[in-house]
Amino acid sequence: MCSDPISGIVQTGIFCARNTGKIATGKDTGRLGATGAQLVSLTDKVSHNASIFGEKVLKTIDGADGFICDTLKNMGKEEIADTLKATAKASNGSVVGTIASKAVNPLLVAAAGIRVLKDDDHYAALIEETSAMGMMFGAEKLMKTAKNTFFDIAENGAKEITESKGFTQGIKNLATTGLNKAAKWFSGLSKGGQMATKVGIGLLFVAGSITAYNAGKAIGKKLSGRDGVENTTKNTVEVPVKGTTQG
């Protein structure tokens, strides 16, 4: 599948900034690991596609790539090293960036686990976090598939998608209908128009991810029975009990 670096930079940049804010304010310090991985991934994407960091950063990343791949080969994991290099090449990035990008979701799950442990009601928190994270990851997977298919069609046409064995029938049907029309419209835009569209797609991805997480959280709260519990507690009025008197 084709991958667009511009929308990826927008997505990763916004998520990294949001998580940094949550850590700085103390709202969710468990996101530290995921934020670090996002920062590495963002640096990789920008350095390979925007060229604003200079050659020194690229040389440092290339050196780290060589070290990782050589280490894997020395451990007898040559296939893993080759897979990482192929994935990095396909995304116009580095092995370091590829590893960091793939580490983000597991680290977000770990952050959710920390939130569960910090909650007074572990069972309820587990239901809520599972619902929220599941909804978010599901929505992101669908959006990523649609986005990559869209750019594939814009670059190669719908015929290659529909004839490929690597796509499900549902994706093939989608490719020949709405995505095909949208891709043709995109291909007819100027470079500036295409750039703006890519930025917009990145923003839509972020909005969809946040919306899905919030929806999943709301469903989780209903399932756990904690939906509206805070308000109920605040509105409860304690009635004093009269003591007995001795005559």
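This structure is a prediction, so every number in the text was calculated from the model and none was measured.
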Let's go through Lys198 and Val10 carefully: what are the C-alpha distance in whole Å and the side-chain angles of both, what is the deciding distance for side-chain contact (heavy atoms from CB on, under 4.5 Å) to 0.1 Å, and is it a yes or a no? CA-CA 9 Å; Lys198 290 176 181 179; Val10 172; over 6 Å; no
So, using side-chain contact (heavy atoms from CB on, under 4.5 Å) as the criterion, who are the partners of Leu107 when residues are at least two apart?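 Counting only residues at least two positions away or on another chain, Leu107 forms a side-chain contact (heavy atoms from CB on, under 4.5 Å) with Ala34, Ala37, Ala103.
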When clusters are formed by joining ILVMFWY residues with side-chain heavy atoms under 4.5 Å apart, either directly or through shared neighbours, do [X] and [Y] land in the same one?
X      : Y      : answer
Ile127 : Ile219 : yes
Val104 : Tyr213 : yes
Leu203 : Ile210 : yes
Tyr123 : Leu223 : yes
Val109 : Met136 : yes

May I ask you to check if Lys144 and Phe205 form a cation-pi contact, with NZ or CZ under 6.0 angstrom from the six-membered ring centre and within 45° of the axis?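 No.
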Of Val40, Asp62, Thr60, which is the lone residue that meets side chain to side chain contact (heavy atoms under 4.5 Å, CB included) with Val96?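 Looking at Val40, Asp62, Thr60, the match for Val96 under the side chain to side chain contact (heavy atoms under 4.5 Å, CB included) is Val40.
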Quickly, which of Val206, Leu42, Ile9 forms a side chain to side chain contact (heavy atoms under 4.5 Å, CB included) with Ile14? Name it, please.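 Answer after filtering Val206, Leu42, Ile9: Val206.
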Do [X] and [Y] have side chains that get closer than 4.5 Å, going by heavy atoms?
X      : Y      : answer
Glu140 : Met135 : no
Lys85  : Val95  : yes
Leu32  : Asn19  : no
Trp185 : Thr197 : yes
Lys45  : Pro5   : no
Val199 : Ser7   : no

Point-to-point distance, once rounded to the nearest 0.5 Å, from [atom1] of [X] to [atom2] of [Y]:
X      : Y      : atom1 : atom2 : result
Thr71  : Ile80  : OG1   : CD1   : 12.5 Å
His48  : Thr43  : NE2   : OG1   : 11.5 Å
Ser94  : Ile61  : OG    : CD1   : 5.0 Å
His122 : Glu129 : NE2   : CD    : 13.0 Å
Leu126 : Asp121 : CG    : CG    : 10.0 Å
Thr35  : Lys22  : OG1   : NZ    : 9.5 Å

Is it the case that the side chains of Thr12 and Gln38 hold a donor-acceptor pair, with the cut-off being a distance below 3.5 Å and no angle test?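 Side-chain D/A pair, Gln38 to Thr12: absent.
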Test item: side-chain donor near acceptor, Lys217 and Ser131, under 3.5 Å: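 On atom types as modelled, these side chains do not qualify, holding no pair under 3.5 Å.
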Shortest non-hydrogen separation from [X] to [Y] and the atoms involved:
X      : Y      : result
Met195 : Ile6   : SD-CG2, 3.8 Å
Met133 : Ala112 : CG-CB, 4.0 Å
Lys102 : Thr87  : CE-CG2, 4.4 Å
Ala100 : Ser41  : CB-N, 4.0 Å

Short side-chain to backbone donor-acceptor contact, Thr29 and Gly26, under 3.5 Å: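 Pair absent, no side-chain N/O of Thr29 close to backbone of Gly26.
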Audit row: Leu84, Leu72, side-chain contact (heavy atoms from CB on, under 4.5 Å) steps and yes/no: CA-CA 10 Å; Leu84 285 172; Leu72 287 170; 3.8 Å; yes
Does the pair Arg31/Asp28 count as a salt bridge with the N-to-O cut at 4.0 Å?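 Answer for the salt bridge query: yes.
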For Asp119 and Arg226, run side-chain contact (heavy atoms from CB on, under 4.5 Å): C-alpha distance rounded to whole Å, both residues' side-chain angles, the deciding distance at 0.1 Å, then the answer. CA-CA 12 Å; Asp119 199 290; Arg226 295 205 297 186; 2.9 Å; yes
Evaluation steps, side-chain contact (heavy atoms from CB on, under 4.5 Å), between Phe151 and Ile201: CA-CA 11 Å; Phe151 286 119; Ile201 288 173; 3.7 Å; yes
Might you confirm whether atom CZ of Arg18 has over 12 heavy atoms from other residues, nucleotides or ligands at distances under 6.0 Å?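 12 or below, so no.
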